[in-house]
Amino acid sequence: MSEERSLNFLEEIVEEDIRNGKNGGRVLTRFPPEPNGYLHIGHAKSICLNFGLALKYNGQTNLRFDDTNPAKEEVEYVDSIKTDVKWLGFEWANELYASDYFDRIYNFAVTLIKKGLAYVDDSSPEEISAQKGTPTEPGTPNAYRSRTIEENLLLFEEMKAGKYPDGAKVLRAKIDLASPNMHLRDPLMYRIKHTHHHRTGNDWCIYPMYDFAHGESDAIEEITHSICTLEFIPHRPLYEWFIEQLELFPSKQYEFARLNMTYTVMSKRKLLQLVEEGHVEDWDDPRMPTISGLRRRGYTPHSIREFCERIGVAKRENMIDVSLLEFCIREDLNKTAWRRMAVLDPIKLVLTDYPADKTEIMFGENNPEVEGGDGGREFPFSNELWIEREDFMEEPPKKFFRLGVGLMVRLKNAYIVKCESFVKDANGNVTEIHCTHIANSKSGGDTSGINVKGTIHWVSVPHAKTAEVRLYDRLFQVEDPSNEDGDFKDYLNPNSLHVIKTAYIEPELAKAELGVGYQFMRKGYFTLDKHSTADKLVFNRTVTLKDGWVKK
Ligand code: ATP
Ligand code: MG
C-alpha cells in the first residue's frame with residue numbers, strides 16, 4: 001500500500017530494539033514451516049510478516065524447516081514450500097532444517113541432565129498426564145524424577161542407541177510440577193520413535209519435542225525476533241527457560257493473531273483430509289486456500305501481499321472476510337488483466353443485413369487502465385455471432401437495456417444492432433436472434449447519432465475458438481465450518497465448482513499463457529489452468545467482476 005500507515009506492534013518492538021542497540025541493531029527473523037502439508041493463506045500472512053519485517057529493517061530471514069516430527073514429513077512438501085515462498089516474492093538468507101541440529105540439540109539435553117535439570121521417565125503418557133495435576137491442583141512427582149544424574153545420562157544414551165521401543169521412556173525437563181503454567185510441569189523434551197526421517201534417515205530413534213527444538217534452533221541461528229501465533233504464549237516461559245539454562249543466544253518470542261478467513265478451513269490436517277478424501281482435486285485445487293491453489297486460481301503474489309498488508313497484525317484472534325482477499329485480486333487484475341471477449345452461455349445472433357461472406361477486423365484495447373494505450377488487439381466480426389443467452393429476453397421488462405424485439409444494443413467495439421425477431425425450436429427454446437445493424441455506427445467512427453444504453457460482448461461464430469471454463473464458488477457454505485456441529489466436511493458447498501464444457505472465446509485467447517490474468521468482459525477475471533493444452537483450453541475464473549455475494 002502506498003498510503004502511510006502507523007507501525008504495527010512488532011515494528012514498534014523492532015524499532016525500540018534497534019534504538020537500544022540490541023543485538024547490534026541486527027534483525028534476523030525466520031519462517032519455520034513444518035513440512036507436513038502445503039502452505040495456505042495463513043502461512044502467507046506469517047511469511048509476509050517475517051520477511052517484511054526483515055526487509056524493512058535491513059535484516060534477513062531464514063527459511064527453517066521444522067522437521068522434528070519424522071512420520072509426517074515429506075520431500076514433496078519441502079519443495080512446494082520453497083516454490084510458494086519464492087513465488088510470493090521473498091528470498092531467504094539460508095535454507096535450514098531443524099534436523100541439521102539434532103546432534104547439538106541432543107548435546108543440549110545432555111547438558112541439562114548434567115545440571116540436574118532433566119530426567120528419564122518410564123511412565124506411560126496416561127500416567128504422566130495424570131501426575132501433572134490440573135490447573136488448580138499441583139502435580140505429583142514420581143520415583144523417576146529423583147533418578148541420579150549418572151543414571152539419567154546412561155538411560156538417555158541407551159534411548160539414543162535404540163535399546164528401547166517407542167514410548168518406553170521419555171526425557172523430561174525438571175522444572176516445577178506445581179507451576180500455574182502447565183507447560184512448565186516437567187515438559188517432555190525427547191520421545192522414542194523408530195521412524196525413518198526424510199533427511200537423517202535411520203540415524204535417530206529419539207526426536208526432540210517442538211518446545212525443545214524450536215527455541216534451541218532459533219538460538220543456534222541467533223534469530224533476534226522469533227514470531228509465532230498466539231497459542232504459543234503459554235509456551236514462552238519454557239522457550240525462555242531452556243535458553244537461559246543452556247546459556248544460549250537470547251532469541252525472543254513474540255506472538256500475533258493467526259489469520260482466520262471465512263468460508264474455508266485453515267489447518268493442514270483438514271486440508272489434507274479434503275485432498276485424501278477426494279473432496280477437491282489436490283492441494284492446488286483452485287478452491288483451496290493454499291498458496292498453490294490461489295496461484296492456480298489466478299491470484300497474483302502482489303494481491304496476496306496486499307491482502308496481508310491490509311489485514312495488519314493483530315494481537316487478538318479475528319475472522320477476516322474472504323471478500324477482502326477478492327477485493328485485492330480484483331484491484332490488481334483491473335490494472336493488469338487483458339480484456340478479452342468470451343461467451344459462456346451462448347446463443348446465436350444472426351445479422352440478416354450483413355453479407356454472409358464478409359469478415360471485418362475490429363479493434364479493442366487490451367486494458368483501458370493502461371495510460372496512453374497499449375497497442376490493443378484485433379478480432380474478426382461476421383454476420384453470425386455468439387452472444388450470452390442472458391442478453392436477450394423474449395419479453396423484456398422496462399429497464400432491460402439489452403436485446404428483445406425492437407431493442408437496440410451496441411456490440412462491444414463493433415456496431416449498434418437492432419433486434420428484429422427470434423427463432424424457437426419445437427420445445428419452445430429460443431435458438432437464434434435475428435438483428436439488423438446500423439452501418440454507420442461502427443465503434444471509433446460512429447456517425448449514426450444513435451445513443452444506446454447497453455453494450456454486450458460477442459464472438460464471431462466462424463472464427464470462435466472453444467474452451468472449457470471452470471467457475472468457482474465458496475468451498476464451504478458457512479462462514480466458519482470448523483466451528484459448527486459435527487464434521488467440518490458436512491458444510492462443503494456441493495456447488496463450489498461449475499464446469500462449462502464449451503465456451504466460445506475470441507481467437508486471441510487461444511494464445512493465452514499460464515500465469516497471465518484475462519478479463520472476460522462482463523464475466524470476471526480468468527486465467528489458464530495448468531491442465532490446459534493447445535487442443536483443449538481450460539480457464540479458471542479467478543473472481544467475478546463485482547462481489548456477487550453481498551446480494552445472496
Ligand atoms: P496448521 O495449523 O495449518 O497445520 P501450523 O501452525 O501447524 O499450521 P506450521 O508449518 O507449523 O503450520 O507453521 C509455520 C508458521 O506459519 C508458524 O510460524 C505458524 O505460526 C505460522 N502460521 C500457521 N498458520 C497460520 C495462520 N493461520 N496465520 C498466521 N500464521 C500462521
Ligand atoms: Mg505447527
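Both ligands and their constituent atoms are indexed starting at 1 by order of listing. The basis for the numbers below is simple: all heavy atoms, side chains too, and nothing from hydrogens, waters or symmetry mates. Every value quoted in this text rests on a predicted model; they were computed, and no experiment measured them.
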Closest heavy-atom approach to atom 15 (C) of ligand 1 among F31, Y38, F65 is made by F31
Which ligand 1 atoms does H43 reach within 4.0 Å, using its non-hydrogen atoms? 8 (O), 9 (P), 10 (O), 12 (O), 13 (O), 14 (C), 16 (O), 22 (N), 23 (C)
Proximity winner for atom 29 (C) of ligand 1, if only heavy atoms of P289, G42, P32 are counted: G42
Near T229, which atoms of ligand 1 are under 4.0 Å from a heavy atom of that residue? 20 (O), 29 (C), 30 (N), 31 (C)
Using distance alone, decide if ligand 1 has a nitrogen or oxygen within less than 3.5 Å of any nitrogen or oxygen in E34. yes
Under 4.0 Å from a heavy atom of S267: which atoms of ligand 1 are those, numbered in the order shown and with their elements? 3 (O)
Within residues 46-56 or reaching into it, pairs that qualify as side-chain hydrogen bond (donor to acceptor under 3.5 Å, both in side chains) - sequence neighbours excluded: E11-K56, S46-N50
Below 4.5 Å, heavy atoms only, C-beta onward: do L528 and V516 meet side chain to side chain? no
Pairs involving residues 180-194, ordered by first then second residue, that meet salt bridge (Lys or Arg N to Asp or Glu O under 4.0 Å) (sequence neighbours left out): R145-D186
Under 4.0 Å to a heavy atom of F256 - the qualifying atoms of ligand 1, by number: 29 (C), 30 (N)
Cation-pi check, K315 onto F256 ring (under 6.0 Å, within 45° of axis): no
Is there at least one pair of N or O atoms, one from L259 and one from ligand 1, spaced under 3.5 Å apart? yes
A219 and L248 have their tightest heavy-atom pair at CB-CB, 3.7 Å
Heavy-atom distance to atom 10 (O) of ligand 1: which of E231, H40, K268 wins? K268
With heavy-atom distances below 4.5 Å as the criterion, would you say the side chains of S99 and Y207 are in contact? no
Test of proximity, R258 against ligand 1: N or O pairs below 3.5 Å: yes
Atom of N36, atom of K268 and distance for their closest heavy-atom approach: OD1-NZ, 2.7 Å
